[in-house]
Structures are given as structure tokens and as C-alpha cells.
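Just so it is clear, the model here is predicted, and its values are computed rather than measured. Convention: sequence-line order gives letters A, B, ...; per-chain numbering from 1.
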Number of protein chains: 2
Amino acid sequence: MEGFCFINKKERQEKICAIIRTNEVRTQKELRELLKNQGYDITLATISRDIQELKVRKEYSSNGVESYHLPNNVTEKSTIQKLQQYFSEAILSIEVSGVFVIIRTDPGNAKAIGYMMDSLEWKQLAGVISGDDNCLLLCKTESEAEKVKKKCLEIWGRGRN
Amino acid sequence: MEGFCFINKKERQEKICAIIRTNEVRTQKELRELLKNQGYDITLATISRDIQELKVRKEYSSNGVESYHLPNNVTEKSTIQKLQQYFSEAILSIEVSGVFVIIRTDPGNAKAIGYMMDSLEWKQLAGVISGDDNCLLLCKTESEAEKVKKKCLEIWGRGRN
DNA sequence: TATGAATAATAATTCAAT
DNA sequence: ATTGAATTATTATTCATA
């Protein structure tokens with residue numbers, strides 16, 4: 001009678017993920033407040049259960065603050081999106097040379113991009129070396145290198161939309 | 001008057017780390033019991049504070065059970081030991097070719113070794129590429145490659161003792 | 001500063017209802 | 001099966017003491 005929004009379990013858990021992704025949520029009570037702000041009045045009992053089902057856990061952020069974080073397998077879902085973001089902001093060129101694909105980046109950005117490329121686990125990628133301003137993607141054959149370049153260009157293109 | 005063992009903070013925290021490393025500790029109360037078994041009677045208040053200082057956190061183990069885990073930087077202390085173990089069990093040869101050091105391994109072992117090599121953060125190592133049965137360590141100069149080979153051989157030698 | 005006892009805060013569970 | 005209210009369990013903090 002009092003709440004404005006009805007919500008089922010699936011939706012609710014998605015909301016919770018979204019909130020955790022974008023806020024530094026330190027307690028379940030805090031999470032409850034944030035949900036309430038969006039019109040969802042949910043008891044702490046339910047939130048506690050959702051937290052467990054989603055395998056959300058408290059971790060230390062880089063700033064040392066302890067807050068709830070999504071488990072890695074959920075975070076990974078957005079790797080492509082992060083990559084698009086990075087590509088659009090930091091990539092200067094993508095070129096092929098033999099079995100290598102060379103990605104030139106703004107200084108300091110290559111390691112992060114290399115790390116994400118690696119985490120994509122593309123089967124064509126035998127290995128990734130990252131320096132300060134470039135990544136070397138090693139493929140087993142030249143045609144695979146061409147394919148990897150193409151896939152990278154696609155992500156790059158999408159990121160710039 | 002009642003306890004058998006006196007212990008200072010540093011010792012106590014080391015004990016706690018050791019226990020957490022080797023047991024599936026699910027609560028601080030459980031940890032307290034384990035400490036008591038070893039003759040250390042410590043209040044939960046102190047344990048709670050130690051847990052925080054050590055940045056020990058609850059995480060999910062591979063079996064899905066939630067238990068206390070040491071932070072990564074502490075775990076890393078034993079990287080060299082793990083590497084020695086791996087080296088002694090899985091490495092076939094270590095050779096230099098120009099700016100590359102090539103480590104041949106038993107099939108399937110190169111990725112893990114490469115990952116650990118990378119985590120050593122040796123300043124001579126510009127990058128690591130791992131396939132299925134070999135790692136390519138990229139150095140900036142040939143003399144650095146020689147140095148890296150030497151350091152690897154030392155670890156290998158130690159591991160085989 | 002380090003600690004324990006008491007307390008407060010936080011989170012998980014039980015139990016009842018749907 | 002899902003949920004909330006009440007309860008219990010767990011963890012963090014306060015306050016006093018050394």
C-alpha cells in the first residue's frame with residue numbers, strides 16, 4: 001500500500017548489482033537506503049539473502065575502504081564494455097606485423113588494456129606483452145593475427161560511437 | 001595466570017595468518033578456538049582488530065564455502081617458494097636467444113609459471129608470453145636476458161635441492 | 001599502544017505467512 | 001518458493017585499564 005514500485009526477485013537482484021557496481025556500499029542498511037531512494041522498500045532479511053545468492057562480498061577498494069563488490073564472474077561480463085571505453089579513450093593505432101598485433105596507446109595505458117585483452121581469452125591470442133604505451137599481441141599464425149586485428153578494430157569502432 | 005603461552009602482537013598475528021592459511025576458518029569464534037588449542041587465549045575483540053589490521057577477509061573458496069583468506073600481498077610472499085616447487089617439477093630447460101629467455105616446461109605448465117614469473121616483477125622483465133609448454137620472457141637488452149636466465153637457474157637449482 | 005569486557009552495529013537465520 | 005518480523009549469531013567499537 002505504501003511502496004510505489006513492485007518488483008520481483010530477479011529485478012531486485014539486478015537493481016542491487018547495479019547499485020553495488022556504481023556506489024561504495026558499506027553495509028546492507030546503506031544498500032537498503034539506496035534501494036528506497038529508487039522506490040523499492042525491501043527488508044534487511046531479503047537483502048541479506050540476496051547478497052548471499054549473488055555471492056556479493058565485502059572487499060577492500062583501492063582507496064582502502066571496505067565495501068560490497070560483485071564476484072569476478074559477474075564483473076567479467078562487462079569486460080568488453082570496459083575495453084570499449086579504454087579503446088575509445090586511449091588507443092592510437094592497431095597494426096599487424098607478422099604474427100604480432102601491435103596496439104599503440106597513450107602513455108601508461110597499455111598495461112591495463114593488455115590485461116583486459118588477456119582476460120578475454122580469445123583463442124587466437126597466444127600471449128600478450130604490455131609495456132607503457134603499447135601492447136604486443138602474439139598469435140600463432142599470421143591469419144590469426146589479421147583476425148585479432150579485425151576484432152580489435154570492431155571493438156574500437158563500437159567504442160567510438 | 002591461566003594461559004600457558006605468552007605472546008606479543010606480532011607473534012599472535014603471525015599465528016593467525018598461519019592458521020588461516022591452513023584451515024577453513026569461517027568465524028572469528030572458530031579462529032579463537034583454534035588459537036586456544038595452541039595455548040593462546042585471546043578475546044574476540046583482539047581477534048577482530050587483528051583481522052582488520054591484517055586485512056584478512058571472508059571469501060568464497062573453490063568449494064563454495066565462505067572462509068577467511070589472507071590478502072594477496074601476503075600470499076605473494078610465498079611466490080618464490082611456489083615457483084621453486086613448479087620449477088623443480090615441470091621445467092625442462094631454460095635458454096637465452098637474443099632478448100628472449102625461453103623456458104620449456106611439461107605440457108600445460110607454462111601458463112602458471114609465466115603468471116608467477118610476471119608477479120615477481122623483476123625489473124629486467126619487459127613481458128611474459130606463455131603458451132602450453134613454454135614461456136617466453138622478453139627483456140629489453142641481451143645482457144638483461146642473460147641475467148634473467150641466471151636468476152631462473154638459481155631458483156631452479158634451489159628447487160631441486 | 002595494546003588489550004579485555006561490555007556494548008553496539010551488522011548480518012544471517014528462524015519462523016510464520018503467503 | 002519468497003518474504004518480513006523477530007531472533008540469533010557474528011563482528012566492530014567504546015570505554016576503561018595497564
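Salt bridge present: A:K10 and A:E14 bring a charged side-chain N and a carboxylate O closer than 4.0 Å. The pair A:K29-A:E33 fails the salt-bridge criterion, with no side-chain N (NZ, NE, NH1 or NH2) lying under 4.0 Å from an Asp/Glu carboxylate O.
The environment of NZ in A:K147 is sparse: at most 12 heavy-atom neighbours from other residues, nucleotides or ligands sit within 6.0 Å.
The side-chain tip of A:K55 points at the ring of B:Y60 from less than 6.0 angstrom away and within 45° of straight on.
Whole-Å rounding puts the A:Q13 CD to D:dA1 C1' distance at 13 Å.
Summarising the geometry, atom SG belonging to B:C152 is positioned 5.0 Å from atom CD1 belonging to B:I94; distances are rounded to the nearest 0.5 Å.
Of all nucleotides in DNA chain C having an atom under 4.0 Å from a heavy atom of chain B, the first and last in 5' to 3' order are C:dA2 to C:dA5.
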Protein proximity profile, nucleotides 6-18 of chain D - base contact B, sugar-phosphate-only contact S, no contact -, cut-off 4.0 Å on heavy atoms: ----SSBBB----
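The phosphate of D:dT2 (OP1 or OP2) has no side-chain N or O of A:R12 nearer than 4.0 angstrom.
For A:K9, the side chain to side chain donor-acceptor pair (under 3.5 Å) test picks out A:E53, with sequence neighbours left out.
A:I103 and A:V99 fall into different hydrophobic clusters, where Ile, Leu, Val, Met, Phe, Trp and Tyr residues are linked whenever their side-chain heavy atoms come under 4.5 Å apart, directly or through other members. At a threshold of 4.5 Å between side-chain heavy atoms, the hydrophobic network of Ile, Leu, Val, Met, Phe, Trp and Tyr places B:I102 and B:V128 in two separate groups.
Within 4.0 Å of A:R32, counting heavy atoms only, lies no atom of the nucleic acid at all.
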